[in-house]
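In what follows, a structure is listed as structure tokens, so that the remarks can point back to it.
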Amino acid sequence: MGSSDVTIYQVAETAGVSISTVSLALNHPDRVSERTRERIIEVAGELGYRPGATASERARRRTGRIAVLAPFSSYESYRTRLIGVLEACAPDDVEVVVHDAPSAAATSSPLLDALPVRGDVDGLVVMGVPLADEGAERLRRWGPPTVLVDSAHPAFSSVTFDDEQAGYLLGAHLLERGHRHLGYLHEPQRSMSYVSPGMLRRDGVRRALREVDGGVLDDLELPGNDLAAAREFAAGFAARADRPTAVIAHHDVLAAGVLAGLRAAGVAVPAEVAVAGIDDGPLAEGLGLTTVRQPFAESGRRAGELLRSLIGKPGRTPGRTLLTPRLIVRETT
């Protein structure tokens with residue numbers, strides 16, 4: 001029996017569930033228990049069931065629509081990346097459907113393992129959300145061509161930023177300025193089940209510190225992820241006798257909050273404490289903030305171009321695009 005002959009009725013009967021449960025597991029996986037979902041996926045795979053169109057059928061019967069999933073409401077940077085995706089899709093007049101996702105750092109279960117199997121899109125871009133093996137397998141078997149941004153999985157093409165090198169560039173720069181006690185300021189990360197950009201950036205700073213004698217890095221965790229939280233932190237930080245002489249913030253908004261808080265407390269920047277961020281944009285330029293430039297729009301464009309190529313030629317070998325950081329030195333260091 002070929003995969004095109006297997007029906008949803010057979011999957012339901014073999015799995016011992018109703019047809020509606022099979023449909024929910026594939027199209028609304030968050031509404032089915034993990035155990036039931038895994039059982040249905042296992043049975044469907046064994047039977048060779050293929051919901052919706054095959055890759056060749058999709059190529060012949062396109063919808064002119066793609067979906068983009070990202071934590072848009074948590075990070076401004078993903079909205080900038082989305083602009084890049086839109087620019088890449090503009091020549092083909094592709095409709096882009098946007099889905100908001102929770103921040104991976106703010107949830108105890110950050111790995112995306114319950115993506116719906118959508119038959120109404122030609123492709124999918126997943127940005128800033130790490131993909132679990134279960135979700136990857138569902139996408140590989142049944143999903144449309146998919147590109148990952150800010151995360152990677154061997155089953156899919158991806159566009160990532162060299163976060164480890166970004167941390168190294170800032171660490172090396174501050175060490176050249178004579179600093180030996182650094183602090184890395186970041187949002188809380190509730191789960192350690194994935195390697196976050198923040199973890200990679202800290203690793204980069206540590207690599208720079210290993211190249212000198214006597215360097216120390218403090219881990220500075222905020223209760224939140226906004227300017228207000230960073231500014232409040234800076235008030236207490238300013239009073240510390242043993243404070244680091246330089247602070248690297250996970251992104252420029254946090255760096256701006258630290259900068260404002262230190263100045264309000266009468267701490268001279270950079271004479272007493274140097275401050276740096278990561279991202280670069282109008283905020284960093286306006287504040288004279290030393291930072292590392294991250295090409296957000298370019299990452300979105302690259303992802304959009306990759307997806308267009310995959311839609312046109314399904315089955316291509318996954319490839320990884322690694323974008324290079326650039327150190328931007330300004331007045332705060």
Salt bridge or not between [X] and [Y]? Use side-chain N to carboxylate O under 4.0 Å.
X      : Y      : answer
Arg180 : Asp213 : no
Glu164 : Arg206 : no
Asp218 : Arg240 : yes
Arg308 : Glu305 : no

[X] and [Y]: side chain donor to acceptor below 3.5 Å:
X      : Y      : result
His186 : Asp219 : yes
Ser20  : Ser23  : no
Tyr168 : Glu211 : yes
Arg330 : Thr291 : no

Would you say the side chain of [Y] lies within less than 4.5 Å of the side chain of [X], judging by non-hydrogen atoms?
X      : Y      : answer
Phe161 : Pro325 : yes
Leu148 : Val159 : no
Thr160 : Asp150 : no

When hydrophobic residues are tied together by side-chain contacts of less than 4.5 Å, even through go-betweens, does Tyr78 share a cluster with Phe296?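 No, separate clusters.
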